[in-house]
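Please read the structure below before turning to the comments.
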2 protein chains.
Amino acid sequence: MTIDNTKELPPEEARTRILNAAQTLFAAHGFNATTTKAIAEAAGVPGGLIFYYFPSKKALLASVLKERNVLIELSTVVETLRVSDPRTALMTLAVHYIESLRQHRELTAILLREFLSHREIAEQFHALREEHVALIASSIQKLLQGKCTSPAQQIQARARTFLYNLIVIGIIEEPPAPPHFIEEMVDILLGGLQLSVNA
Amino acid sequence: MTIDNTKELPPEEARTRILNAAQTLFAAHGFNATTTKAIAEAAGVPGGLIFYYFPSKKALLASVLKERNVLIELSTVVETLRVSDPRTALMTLAVHYIESLRQHRELTAILLREFLSHREIAEQFHALREEHVALIASSIQKLLQGKCTSPAQQIQARARTFLYNLIVIGIIEEPPAPPHFIEEMVDILLGGLQLSVNA
DNA sequence: GTCTATATGATGATAGAC
DNA sequence: GTCTATCATCATATAGAC
């Protein structure tokens, strides 16, 4: 029987604590405004130890973004759609997606902050967006199977409109807007489709 | 005959050059990553002069945001709607709004970067959003006068969906998405309304 | 109002003891 | 692997000559 090294908090894993602290502080104050000293203090380790695990502060940021990846979890949200009624399904998707964004607020904040200056991050952000548009579009298409005759491009546009709204709601909007806006938005998206709603 | 002091580049207005340089550099690299020295160099003035005109670097940022205000210009875009056909009007509004956002890319970049950490800026951003939702909603309502019987709240939701899409398209989306997406989005927004389109 | 020179403090990173 | 002490650099901001 081999030892499982993937526990949540391996006894003295200073590296993990540094990553956690960096993630929190980068998100709260931005990359440049966060000092390595502050990270070390928050992590409860001496300042020098950071540079034992990471060659530079920038490499630390890269590790945070790489090892704590938002992409995967957000994508799985889309997969959880096993409801027959399109309206309910889209509502579920929206709520879960926004919740997921809010749960990863720290990472999305980093993305939002740094994509403007770091080309690499911008491309990651862009790829993520397009991937999700495609995922949502195919989800909608499945949901409407047989119930609707709209062309594929219309569905894609709806998926994009949907996602863009979720992005603003989940990342930028603060405080949260009118309570029933999400519901209304879903209705708008489904409004133009020739649905045979009679479940 | 008095002298007009509101020319584009008043003979030696170092202050203006400092503001210009600060705006550009803050937008390109963020507030913290931009040094006052870099601003001075870009403006072609000695480093010390910045602190003659502005008490601190942060005050300089505040001045940039206050004196180069996006709010006004963006609001006027909405006013330019004097077309009878709703679809054409919304298309015009969308295109102009996005163009305006792109023209003020530097300022929107600063807003996007700093609203996460500076409470003041966040509130400014939020107020701007809500003001524009209201403006767009009332524009749509005027456009649909007599042609539609949808309740006010539905119109508001449409306006918000519209604006949120414009925000992502104008500020975040890069490179620009599928060419006809804006058109498709407008169609989606108008899709659910009981229009008597027969112009 | 403009410019030079510089104070003062903090930052990322290193060297080396344990 | 962990920690202390410290270096070299560069930041914002000031003092004061012109």
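Here is the naming used below: chain letters follow the sequence lines, and residue numbers restart at 1 for every chain.
Looking at Glu13(B) and Arg17(B), no side-chain N of the basic residue comes within less than 4.0 Å of a carboxylate O on the acidic one, giving no salt bridge.
Residues passing the salt bridge (Lys or Arg N to Asp or Glu O under 4.0 Å) test with Arg102(A), sequence neighbours excluded: none. Taking the side chain to side chain donor-acceptor pair (under 3.5 Å) definition, one finds that Thr88(B) meets it with Asp85(B), sequence neighbours left out. The ring-ring contact (aromatic ring centres under 6.0 Å, His included) check on Phe51(A) picks up nothing, with sequence neighbours excluded. Take Glu99(A) and apply the salt bridge (Lys or Arg N to Asp or Glu O under 4.0 Å) test, not counting sequence neighbours, and it matches no residue. Taking Arg160(A) as the reference, Glu130(A), Tyr164(A) meet the side chain to side chain donor-acceptor pair (under 3.5 Å) condition, with sequence neighbours excluded.
Residue pairs meeting the salt bridge (Lys or Arg N to Asp or Glu O under 4.0 Å) criterion with at least one partner in residues 33-60 of chain A, sequence neighbours excluded, do not occur; the list is empty.
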Give me, pair by pair, the N or O atoms of the protein and of nucleotides 16-18 of chain D that are less than 3.5 Å apart, along with how far apart they are.
none

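Defining each end axis of the helix from dG1(C)-dC18(D) to dC18(C)-dG1(D) as the rotation carrying four pairs' C1' atoms onto the next four, with five pairs an end, the two axes are found to diverge by 0° to 10 degrees.
Within the structure, every side-chain polar atom (N or O) of Tyr52(A) is placed at least 4.0 Å from both OP1 and OP2 of dC3(D).
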Distance-only donor-acceptor pairs under 3.5 Å for side chains of residues 175-184 of chain A, two or more places apart:
residue, atom, partner, partner atom, Å
Glu184(A), OE2, Gln153(B), NE2, 2.6

List the atom pairs, with distances to 0.1 Å, where a side-chain N or O of residues 23-36 of chain B and a protein N or O form a donor-acceptor pair under 3.5 Å, not counting sequence neighbours.
residue, atom, partner, partner atom, Å
Gln23(B), OE1, Arg68(B), NH1, 3.1
Gln23(B), NE2, Glu106(B), OE1, 3.3
Thr24(B), OG1, Asn20(B), O, 3.1
Thr24(B), OG1, Glu106(B), OE2, 3.4
Thr34(B), OG1, Leu25(B), O, 3.2
Thr34(B), OG1, Gly30(B), O, 2.7
Thr35(B), OG1, Ala38(B), N, 3.0

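Here the closest heavy-atom approach between residue Thr161(B) and residue Thr161(A) is recorded as CG2-CG2, 3.9 Å. Of all the heavy atoms in Asp187(A) and Arg87(A), the pair that sits closest is OD1-NE, 2.6 Å. For the pair Ala109(B) and Leu116(A), the tightest heavy-atom approach, listed with the atom from each and the gap, is O-CD1, 3.8 Å.
Looking only at distances, a side-chain donor or acceptor of His104(B) sits under 3.5 Å from a matching main-chain atom of Ser100(B).
For residues 56-63 of chain A, proximity to DNA chain D is found at no residue, defined as any non-hydrogen atom under 4.0 angstrom from a strand atom. Shown for residues 25-51 of chain A: residues whose heavy atoms fall under 4.0 angstrom of DNA chain C, namely Thr34(A), Thr35(A), Thr36(A), Gly48(A), Phe51(A).
Counting to the nearest Å, the P atom of dG1(D) and the CD atom of Glu13(A) are 7 Å from each other.
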